[in-house]
Amino acid sequence: MRITLLNGPTREINPGVPVAQALQELGVHIDHQVVAARVNGALTDLQARLKEDCTLAPVAVDSPEGLEIMRHSASHVMAEAVRSLFPDVKVAIGPAIENGFYYDFDAPRPFTPEDLPRIEARMGELVAQDLPFERQEVAREEAIDFFRTQGETYKVEILEEIPGDRVSLYRQGDFVDLCRGPHVPSTSFLGAYKLTGISGAYWRGDERLPMLQRLYGTAFPSPEEMERHLELIEEARRRDHRRLGRELGLFSIEDEAGPGLVIYHPKGAMLRSLIEDFERKQHLKRGYQMVMGPQMLRAELWARSGHLENYKEHMYFTEAEGQLYGIKPMNCVAHMLIYKSRVRSYRELPLRLFELGTVLRHERTGVLHGLTRVRQFTQDDAHIICTPEQVESEILGVLDFVADVMAIFGFDYEVELSTRPEKSIGSDADWDLATTALTGALRSRNLPFAVCEGEGAFYGPKIDVKLKDALQRRWQCATIQCDFTLPERFDLTYVGPDGGRHRPVMLHRVILGSLERFLGVLVEHFAGAFPVWLAPTQAVFLPITDRVHAYAQEVTSRFTEAGLRVEVDLRPETLRLKIREAQLQKIPFMIVIGDREAQNRTLSPRLRDGTELKDIPLDQFMGRLRDESQVPTPGKSP
RNA sequence: GCCGGCAUAGCUCAGUGGUAGAGCAGCUGAUUCGUAAUCAGCAGGCCCGGGGUUCGAAUCCCCGUGCCGGCUCCA
């Protein structure tokens, strides 16, 4: 039997040798770094026996596949630990996930935080025993019988649905699990792991099905790598926008006012208004027209738009003079009315209507979270109404818009295309047109994209943009959705060159998405240290003694009149104290003013990073601050 | 909405059946100071709300509300 090492030598090897031995004979050093192998490209256990000619490649624990295998094995070990400590639990599923793993159990009593150390300790014992993972292939019926006698009804349920006659089981110690594999050779291959959380999780992710108990863990090849990961979580905690929002005086969410309702404090309102100014300029530059719709519209309109049918449970209603009004959860309806207000010619298309539209959505209490999930938020929303021929170029325009804006804020992003879901309306032709246009636009900009089959809105396919923040976390911001329903329901038409009436296509799109969410992401991305153009307070003047108060106040007025966002700290405190507080407020420039500066009409700015500049002429520094206040132009100097 | 945890001063947190505490912040006074905390004093609480157990509840039990971590949903 001829075995070839990928990008390596070929050897004649006796049939029936295990993968690990074959690798060794091919000169691969086998230690705990190697957890599995690829046999002709397919992930395989190291213990598997080779029967025919093939190509081999080792899979190291620090490769993405190797890590996933190790984490998956960790979930099995956790399941064994849980089964041995709590014999009454049934096991459901336990995959590897980003940074770790989980396992779902049906437990007679919920787990508590005190259970975690016990389970972890038991896992430690299992790891110390170095139990081998053994793969066994059996007939599906045999597996069903086995799990049924064990009382593992969830495994039986899974088995009854998977196709094929034969399935694989993995055993380590006393624990046997239905599993595709592969696994690490034995429990001592686990590396560093830690149980991190408990939560409820619906069986099969369906809220109509029973809730199981999920245990989360994290696992890495080495303790150092796990430490780095835990440190990253700690860093995320430090950057939490809910904490920084309070500390920096940006916003609050008060129990008295109601959950999910953001109250902007002065600094937060300034930041928000800077972003809104930016948005207006960017949209006007790209041929959008600003519009504004009312906060509530008659319920009949929401019936017509289909919201009453599809979105009612998320809507707030109010009544006046016997009329029922729906408070807007989306901005589209008013935009439809604007379009319909007169006869439209093809010459007007594409019509791009932009609104910083504030919407209210009744979100279920459990999903609310800081600024990222709220009940009232403002979208940078636009509806583009165009001819079918214009759809693709309009989508391109939006993609370029997104690219520009993300570059300005300094975010990388990923793109997803979501296609027709099972429950949907519209003709196949419409769906094809829209999906082709979306895909075509992505292709022509060479944007790599993931396809989420069946994840589209019920009225049309969409492109979602996930920006990545400084901690590599992904956030939904921009989305571009094709919509055939609304032009239909509101009977939108335009007069074509032929003099006949035609139905336009509508694109619904946002760039930043929810300003609230975007603000939250910005806070965490910059850890509260906003770039000068976004900083609510750009500089604070710090007079050392009250002899220089007059000069400090004069300078403050001059900067303020120049449109710069500055403050002055006239308290009779020490410079050290003032610096410390300004530093904690993450103000970009702390400007020291003492007798020398007042004498020479200069300033001594300290930067956020601790750099001290000395005796800069007043006008020179004002020029610098003015320059840095400009919206960055990516592509030009850093 | 579901599972679990938590709720004490503006903030961070001690106090687990017997008279409510600390640090920071705040206020008052002194200090006029050169790059991350000057000193002293004072004040601050329906212990989330409502019921119950108990001679006695911040503490134990029940019901609400809110928050946190997840699930489901989602901008």
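Side-chain atoms are counted along with the backbone in the values below, which use heavy atoms only and exclude waters and symmetry mates. Quick note on labels: first sequence line is chain A, next is B, and so on, each numbered from 1.
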Donor-acceptor side-chain pairing of A:Thr479 and A:Asp464 below 3.5 angstrom: yes
Partner set under side chain to side chain donor-acceptor pair (under 3.5 Å) for A:Glu114, not counting sequence neighbours: A:Thr112
A:Phe111-A:Phe86 aromatic ring centre distance below 6.0 Å: yes
A:Phe111 aromatic ring stacked with six-membered ring of B:G4, 5.5 Å and 30°: no
Sugar-phosphate, base or nothing in reach of A:Asp381, heavy atoms under 4.0 Å: nothing
Rounded interatomic separation in angstrom, taking CD from A:Glu573 and C1' from B:A25: 12 Å
Span that lies between the P atom of B:U53 and that of B:U16, in whole angstrom: 25 Å
Along RNA chain B (nearest heavy atom to each residue), the more 5'-positioned of A:Val510 and A:Arg580: A:Arg580
Out of B:U35, B:G69, B:G66, whichever nucleotide has its closest atom nearest the side chain of A:Ser199: B:G69
For atom CE of A:Met211 and atom P of B:U72, their distance in whole Å: 9 Å
Closest to the A:Phe377 side chain, choosing from B:C67, B:U72, B:A75: B:A75
Pair partner, B:G45 [Watson-Crick or wobble, under 3.5 Å]: none
Sugar-phosphate only, base, or nothing, as touched by A:Val374 at under 4.0 Å among non-hydrogen atoms: base
Residue A:Lys614, side-chain atoms from C-beta onward, closest of B:U35, B:G66, B:A75: B:U35
Touch class at under 4.0 angstrom, heavy-atom based, for A:Arg242 against every strand present: sugar-phosphate
Between B:C33 and B:C39 - C1' atom distance, rounded Å: 13 Å
Centroid-centroid under 6.0 Å between A:His383 and A:His508 rings: yes
Chi class for B:U16: syn within 90° of 0, otherwise anti: syn
Options B:C3, B:G34, B:C68, nucleotide nearest the side-chain atoms of A:Pro110: B:C3
Rounded distance in Å - CG (A:Leu371) to C1' (B:C67): 15 Å
Test item: side-chain donor near acceptor, A:Glu309 and A:Trp302, under 3.5 Å: no
Closest nucleotide among B:A75, B:G1, B:G34 to the A:Tyr202 side chain: B:G1
Touch class at under 4.0 angstrom, heavy-atom based, for A:Gln476 against every strand present: sugar-phosphate
Nucleotide of B:G34, B:C33, B:U72 approaching A:Pro572 most closely (side-chain heavy atoms): B:C33
N/O donor-acceptor pair, side chain A:Arg608 with base B:A36, under 3.5 angstrom: no
Touch class at under 4.0 angstrom, heavy-atom based, for A:Phe518 against every strand present: nothing
Sugar-phosphate only, base, or nothing, as touched by A:Gln213 at under 4.0 Å among non-hydrogen atoms: sugar-phosphate
Sugar-phosphate only, base, or nothing, as touched by A:Leu577 at under 4.0 Å among non-hydrogen atoms: sugar-phosphate
Touch class at under 4.0 angstrom, heavy-atom based, for A:Leu542 against every strand present: nothing
Sugar-phosphate, base or nothing in reach of A:Glu597, heavy atoms under 4.0 Å: base
Sugar-phosphate, base or nothing in reach of A:Gly366, heavy atoms under 4.0 Å: base
Touch class at under 4.0 angstrom, heavy-atom based, for A:Arg361 against every strand present: base
G-U wobble or Watson-Crick pairing nucleotide for B:C73 (cut-off 3.5 Å, both distances): none
Separation of B:U38 C1' from A:Leu575 CG (nearest whole Å): 13 Å
Pair of N/O donor and acceptor under 3.5 Å linking B:C73 base with A:Arg364 side chain: no
Base-pairing assignment for B:G56 (Watson-Crick or G-U wobble, both under 3.5 Å): none
Atom C1', compared across B:U35 and B:A75: separation rounded to whole Å: 43 Å
Touch class at under 4.0 angstrom, heavy-atom based, for A:Asp546 against every strand present: base
Pairing nucleotide - B:A7, Watson-Crick or G-U, each distance under 3.5 Å: B:U65
A:Glu254 CD - B:C67 P separation (whole Å): 11 Å
Among B:U35, B:G70, B:G34, the nucleotide that comes nearest once only the side chain of A:Tyr216 is considered: B:G70
Sugar-phosphate only, base, or nothing, as touched by A:Thr112 at under 4.0 Å among non-hydrogen atoms: nothing
Side-chain donor-acceptor pair present, A:Gln379, A:Ser514, cut-off under 3.5 Å: no
Distance flag, aromatic centroids of A:Phe559 and A:Phe541, threshold under 6.0 Å: yes
Heavy-atom donor-acceptor pair, A:Glu247 side-chain to B:A25 base, under 3.5 Å: no
Any donor-acceptor N or O pair under 3.5 Å, side chains A:Gln583, A:Arg606: yes
Pairwise 5' ranking along RNA chain B for A:Glu612 and A:His369, keeping only the more 5' one: A:Glu612
Results of side chain to side chain donor-acceptor pair (under 3.5 Å) for A:Tyr202 - residues two or more places apart only: none
Value in whole Å for how far the C1' atom of B:G4 lies from CG of A:Asp115: 11 Å
Between B:G29 (P) and A:Arg571 (CZ): distance, integer Å: 16 Å
Pairing partner of B:C39 (Watson-Crick or G-U wobble, both distances under 3.5 Å): B:G29
Whole-angstrom distance between B:G45 and B:A14, as gauged at atom C1': 15 Å
Base-pairing mate for B:U16 - Watson-Crick or G-U, with both contacts under 3.5 Å: none
Pair A:Gln282-A:Arg286, side-chain donor/acceptor within less than 3.5 Å: yes
Atom-pair distance (OH on A:Tyr102; P on B:G69), nearest Å: 19 Å
A:Arg373 side-chain proximity, nearest of B:C73, B:C33, B:G69: B:C73
Integer angstrom distance from the C1' of B:G26 to that of B:U32: 23 Å
Touch class at under 4.0 angstrom, heavy-atom based, for A:Val367 against every strand present: base
